[in-house]
Number of protein chains: 2
Amino acid sequence: MGSITYKHVHRHLLAIDCIIFGFDGEDLKGLFVKRKLEPQKGNWSLMGGFVSGIESVDAAAERVLYELTGLGNIYMEQLHCYGALDRDIEARVVSIAYFALINIADYSKELLEEHHATWVSLKKLPDLIFDHRQMVEDAKEKLREKVATHPVGFALLPPKFTLKQLQALYEAIYEMPLDKRNFSRKIFSMNILQKLEEKEKASSRKGSFYFIFDEAQYKLLEKEGLKFI
Amino acid sequence: MGSITYKHVHRHLLAIDCIIFGFDGEDLKGLFVKRKLEPQKGNWSLMGGFVSGIESVDAAAERVLYELTGLGNIYMEQLHCYGALDRDIEARVVSIAYFALINIADYSKELLEEHHATWVSLKKLPDLIFDHRQMVEDAKEKLREKVATHPVGFALLPPKFTLKQLQALYEAIYEMPLDKRNFSRKIFSMNILQKLEEKEKASSRKGSFYFIFDEAQYKLLEKEGLKFI
DNA sequence: ACAAAAGTGTTGTCTGTACACCCATGC
DNA sequence: GCATGGGTGTACAGACAACACTTTTGT
C-alpha cells in the first residue's frame, strides 16, 4: 500500500456517533437529540459529528462527546464501524460509533437544554434515525459483555454509592433481577470496593454504607480476570 | 447531521486491512505479504486495499479477501477501526481491520506465489509495518474470545476432522495444552459434531474417527449459548 | 507380541444459585 | 414498639480440573 499513489482513491465522509449511557438509579438511559426538522422529524438521533483531517478518530469521538456534555476524561470505547452504502439518507457517510459511560448527575439541565438533548430509557428503544437503533442495540450488548468482566460500570455511578445502587445498575444493564445476597458476596469477594464510614440515610432508617471503587486494588487483580456476572 | 451541507467536511482515505487466519495442524498462522521495497523493506504487511465509493465497508473487506485468496463465502468479522493520525507513513489513512478464518488447504501454492504471500506462524509475531502488529494482536485476542463461545473455529479446519485436530486447533489458539479427556467430553456434550463412519488412518494404526460440524444442530442450540473453553 | 495413538470414567473441588431471618434506626 | 430497608449464612447442584488405564491394529 505504501508505494502506490493515493490520487485516484475515493475519499469518504467519516462520521462519529456516540451512544452516551447514563443511569438514574432505576433505568439505563441514553442521551439523544430530538430532530426538529424533516426528514425524520420527531425521531431521536445519536449525537454525532465528523472526523476532521487533523485529529485521530478517537480524538474526534472525544471531541463530539465534549461538545455535547462538556465532559472530558470519560470512559469511552469504540463500538463498531458502520459502513453500509445507504445508511445515511443525505450522502454516503461511514460512521464509527463509540459508547461512553457517564455519571448522569454530572450532566446539567442547562447542557440538556442548550443542546436540545434528552435522556431516554433504553428498556424499549424509541424510533431512531438511520441505523442508530442498531448502534444502540449493539452498544447495549457490548456494555453487557464489558461490565460482566471489567469494572467499568462504576463510571455510571456517583463516586460513592451504596451496594444497592450498584446492584440496581447491574439489574438495569441485564434487565433481570439479581439476588442481593449472592450479589454482595460476589462483589465483596473481589476486594475492589472500599467501604466508607459514611452512610446514605435518605432511603432507609438504618442507613446503608457508601462504597468507592478501589482502583489501585483493581490494578493488582486485573491480570487474574474478574467475573461480575 | 442530516440537514447540514457536507461541502466543507474533510474526506478521508479509508483502507481495509485483513488478518487472515489459517491452521496447519500445529500452529495458528497468518497470511502476510513481504515488502520488497523501502520503506519497511523486508517487513511483513497485512493484505489491504481501499474502500471505494460504490461499495459498503463490509463489501470492500470481502473484495480485498477475494482478491488475495480467490475465496468467497468466508467467515469474516470486523475487528476495529484504526484511526491514529500518523498510523500510515505516506498519508492520513483510516483503516478498518477485519479478520477472516480460512481452511489453509483451500489456499493454493499458486495463489501464494502470485500474490507474494506467505503463511507465518503467530506464536511470536514478526515485525510488521505501521500498526499491523497491534491489529494482529487484537485479532488474536478477539479470536480467542470468539471461539470460546461460538463454533467458528471449524472454519479453520477441513470439513471433516478428527477430535485430535480440533483439540490441536484450540491449543494453538489459546497457546496452552488441554486435557484430551476433558476436551472430548465437553465437545461431545454440546451435540454439535456428527461422527462419520470413516477413519483417519495416516497418523495411527488404530485410526481415529472423522467428525463434521453439525450446523443444523448448532442452530437449535444457539440461543442457549455454548462454552468451548 | 509390541509399539503407538485412540478412546474412555471417577473423584474432589469450586462456583453458582436458591432461599429467609435478624438488625439497626427513626418515628 | 413497630415499620422499613440493610445486612448476612447455609445447603444443594452443576461445572470444572486432575488424573491413568484399556483398546485397537499394523508390523
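In what follows, every chain begins at residue 1, and chains take the letters A, B, ... in the order their sequences are listed. Side chains are part of it too, since the values below use all heavy atoms of this structure and drop only hydrogens, waters and symmetry mates. Bear in mind the structure is a predicted one, so any value in this text is a computation, not a measurement.
If you check residues 192-205 of chain B against DNA chain D, the residues with a heavy atom closer than 4.0 Å are B:Lys201, B:Arg205, listed by number. Of all the residues in residues 173-190 of chain A, A:Lys180, A:Arg181, A:Arg185 reach under 4.0 Å from DNA chain D with at least one non-hydrogen atom.
Sequence neighbours left out, not one pair with a member in residues 147-158 of chain B passes salt bridge (charged side-chain N to carboxylate O under 4.0 Å, His left out). Sorted by first and then second residue, the salt bridge (charged side-chain N to carboxylate O under 4.0 Å, His left out) pairs involving residues 74-84 of chain A (not counting sequence neighbours) are A:Glu77-A:Lys146. For residues 154-164 of chain A, the salt bridge (charged side-chain N to carboxylate O under 4.0 Å, His left out) pairs, not counting sequence neighbours, are A:Lys160-A:Glu198.
Scanning DNA chain C 5' to 3' for nucleotides with an atom closer than 4.0 angstrom to a non-hydrogen atom of chain A gives a first and last hit of C:dG16 to C:dG26.
For B:Lys201, the salt bridge (charged side-chain N to carboxylate O under 4.0 Å, His left out) criterion is met by no residue, not counting sequence neighbours. Annotation: ring-ring contact (aromatic ring centres under 6.0 Å, His included) contacts of B:Tyr82 (sequence neighbours excluded): B:His80. Applying the ring-ring contact (aromatic ring centres under 6.0 Å, His included) rule to A:Phe32 yields no partners; only residues at least two apart in sequence or on another chain are considered. Checked against ring-ring contact (aromatic ring centres under 6.0 Å, His included), B:Phe211 has the following partners two or more places apart in sequence or in another chain: B:Phe188.
Distances shorter than 4.0 Å separate some side-chain N or O of A:Lys164 from OP1 or OP2 on D:dG6.
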Considering only distance and modelled atom types, tabulate donor-acceptor pairs under 3.5 Å from the side chains of residues 172-181 of chain A, sequence neighbours left out.
residue, atom, partner, partner atom, Å
A:Tyr174, OH, A:Arg144, O, 2.5
A:Tyr174, OH, A:Ala148, N, 3.4
A:Glu175, OE2, A:Lys140, NZ, 3.3
A:Asp179, OD1, A:Arg181, N, 3.0
A:Asp179, OD1, A:Asn182, N, 3.0
A:Asp179, OD2, A:Arg181, NH2, 3.4

Determine all donor-acceptor pairs shorter than 3.5 Å in which one atom belongs to a side chain in residues 56-70 of chain A; sequence neighbours excluded.
residue, atom, partner, partner atom, Å
A:Ser56, OG, A:Ala59, N, 3.0
A:Asp58, OD1, A:Tyr98, OH, 2.5
A:Arg63, NE, A:Glu55, OE1, 2.9
A:Arg63, NE, A:Glu55, OE2, 3.3
A:Arg63, NH1, A:Glu67, OE2, 3.2
A:Arg63, NH2, A:Phe50, O, 2.6
A:Arg63, NH2, A:Glu55, OE2, 2.7
A:Thr69, OG1, A:Leu65, O, 2.7
A:Thr69, OG1, A:Leu71, N, 3.0

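For the pair A:Phe99 and A:Ile20, the minimum side-chain heavy-atom distance is 4.5 Å or more.
Atoms CG (A:Leu163) and P (D:dG5) sit 17 Å apart, rounded to a whole Å.
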